[in-house]
Amino acid sequence: MRTAICERFGIEHPLFAFSHSRHVVAAVTGAGGFGVLGAATYSPDRLDAELSRLDEEVGGRPYGVDVPAPATVDLRATATAGDAFARVADLIPERHRDFVAHLLAKYGVSTLDPLPGYLAAPAEEFGRRVGPEGAAALAEVALKHPIALIAGASGAPDPALAAKARAAGVPVAASVGTVEQARRHAAAGADMIVAQGTEAGGHTGEITTMVLVPQVVDAVEVPVLAAGGIASGRQMAAALALGAEGVWCGSVWLTTEEAETSAPVRRKMLAATSLDTTRSTARTGRPARQLRSAWTDEWDEATESPGALPPPLQTLVAEAAMARIGRAAESGNPGAERLAGYFVGQVVGQLDRAAPTRQVVQEMIEEFGAAVARLRGVIDL
């Protein structure tokens with residue numbers, strides 16, 4: 001497979017894999033694709049450790065890092081003179097705390113067990129991590145490693161971070177959900193555009209991949225990757241037919257053997273249809289496609305719901321609860337299993353078995369070849 005993307009990065013397949021699992025990233029890169037590690041849940045120290053291991057595992061093959069976008073709420077708004085940030089927890093209304101407590105009690109999830117990792121950190125530390133300083137710290141760590149790409153979660157990296165990346169010779173990718181966003185990011189110097197349709201998991205817009213990709217390809221002069229609803233070789237072939245030079249996939253890796261997905265959520269994904277996702281603000285405060293669950297139903301539909309808070313406050317509200325829900329679900333708590341969910345696209349309806357990541361890559365490439373051969377046969381007719 002020879003596209004400009006393959007030539008630029010020295011990869012065999014124009015297949016970019018976004019994952020929070022180092023093991024998935026290493027497996028895709030090792031199979032001739034391009035793994036991208038999502039760093040949103042990492043502290044700088046942990047990211048440094050993960051990338052050091054990844055450097056050893058990929059053996060010089062290229063990989064990238066996706067850094068979180070800065071918070072949309074000004075966490076300094078109520079800061080005192082000596083504070084870097086206001087107490088984030090103080091910005092969460094009591095009615096939202098009460099609603100979370102109500103949901104956990106309703107579904108039988110204990111609130112007594114301690115929180116893990118960064119969720120147990122003081123609220124001020126959470127504020128630093130989701131603010132501009134947090135994204136900058138992660139980017140600084142990433143650029144100390146031999147990464148081949150830096151991308152911005154749900155957009156583009158901060159301009160100052162992008163400038164540092166380019167100074168280091170690392171290209172910058174920006175994800176978009178509209179043609180206007182694509183033009184803006186390309187004009188600002190993005191080296192690559194990820195055109196993500198509404199089918200995708202996580203934060204998405206409202207335009208489908210089939211409609212969005214060709215419009216973005218026509219609107220910008222930089223390479224375009226198609227994202228959203230791509231988990232097979234046939235869908236890869238369709239993306240390239242639309243003018244994309246490669247694909248960006250995330251959901252397809254969530255049911256692989258190396259994924260970070262918990263066992264209860266993996267089972268729900270494997271049993272789900274494409275109608276079992278929803279774009280909800282219940283997890284982050286922004287519309288994000290995820291498995292529909294009791295958590296999304298309660299926040300989106302219950303009459304007593306206070307409605308989601310803006311980012312990053314809803315993340316603080318949700319993830320602390322989700323940590324407890326996840327542990328309870330893994331222990332077999334039926335109420336927690338109903339609440340449990342994760343970000344995933346509509347392509348979840350195609351995911352019906354767990355398999356090694358390398359095998360998934362191989363099957364996608366083989367099916368891509370078969371799809372192209374079939375199209376050649378149609379042309380011959």
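The first residue of the sequence shown is numbered 1, and numbering continues consecutively from there.
Electrostatic pairing of Arg22 and Glu57 counts as a salt bridge here, judged by a charged N lying under 4.0 Å from a carboxylate O.
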*Tell me, with the steps shown, if Asp48 and Lys144 meet salt bridge (Lys or Arg N to Asp or Glu O under 4.0 Å).*
CA-CA 9 Å; Asp48 188 42; Lys144 293 178 182 178; over 6 Å; no

*asked:* Does Arg53 form a salt bridge (Lys or Arg N to Asp or Glu O under 4.0 Å) with Glu50? I'd like the steps, not just the answer.
replied: CA-CA 5 Å; Arg53 297 187 186 99; Glu50 289 290 294; 3.0 Å; yes

*Evaluate salt bridge (Lys or Arg N to Asp or Glu O under 4.0 Å) for Arg327 paired with Glu330, printing each intermediate quantity in order.*
CA-CA 5 Å; Arg327 283 199 297 273; Glu330 289 187 355; over 6 Å; no

_If you apply the rule salt bridge (Lys or Arg N to Asp or Glu O under 4.0 Å), what do you find for Glu337 with Lys268, and how did you get there?_
CA-CA 9 Å; Glu337 290 181 1; Lys268 292 177 79 169; over 6 Å; no

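Heavy atoms from other residues, nucleotides or ligands lying under 6.0 Å from CZ of Arg266 number more than 12. For Arg292, the CZ atom counts as loosely surrounded, since its 6.0 Å shell holds 12 or fewer non-hydrogen atoms of other residues, nucleotides or ligands. Glu206 CD: 12 or fewer foreign heavy atoms inside a 6.0 Å radius.
Looking at heavy atoms from C-beta onward, Met364 lies out of side-chain contact with Gln235 at the 4.5 angstrom threshold. Counting heavy atoms from C-beta outward, His13 and Phe34 have side chains that stay 4.5 Å or more apart. The side-chain heavy atoms of Leu143 and Val170, taken from C-beta on, include a pair separated by under 4.5 Å.
The minimum heavy-atom distance linking Glu245 with Leu240 is given by the pair C-CD1, 4.4 Å. The nearest pair of heavy atoms linking Thr3 to Pro14 is OG1-CB, 3.9 Å. Contact detail for Gly177 and Ile207: the closest heavy-atom pair is O-CD1, 3.6 Å. Between Ala190 and Ile193 the shortest heavy-atom distance is CB-CD1, 4.1 Å. In this structure, Gly345 and Ser251 approach most closely via the heavy-atom pair N-OG, 2.8 Å. Contact record, Val360 with Ala355: CG2-CB, 4.2 Å, taken as the closest heavy-atom pair.
In this structure, a donor-acceptor pair under 3.5 Å is absent between the side chains of Thr41 and His20. Side-chain atoms of Thr357 and Glu258 include a donor-acceptor pair closer than 3.5 Å. Side-chain contact check for Asp55 and Ser52: no donor-acceptor pair (N or O, by modelled atom type) lies under 3.5 Å.
Here the rule is side chain to side chain contact (heavy atoms under 4.5 Å, CB included) with Thr204, and of Arg286, Arg279, Glu199 only Arg279 fits it.
Distance CD/Glu12 to OG1/Thr29: 11.0 Å, rounded to 0.5 Å.
Residues passing the side-chain hydrogen bond (donor to acceptor under 3.5 Å, both in side chains) test with His102 are Glu304, sequence neighbours excluded.
Judged by distance alone, the side chain of Gln314 and the main-chain N or O of Pro310 form no donor-acceptor pair under 3.5 Å.
The six-membered or imidazole ring of Phe9 lies near that of Phe16, with a centre-to-centre distance under 6.0 Å.
Tracing side-chain contacts under 4.5 Å through hydrophobic residues (I, L, V, M, F, W, Y), one never reaches Val224 starting from Ile5; they form parts of separate clusters.
Ring orientation note: the planes of Phe99 and Trp299 are nearly perpendicular, at an angle over 60° on the 30°/60° scale.
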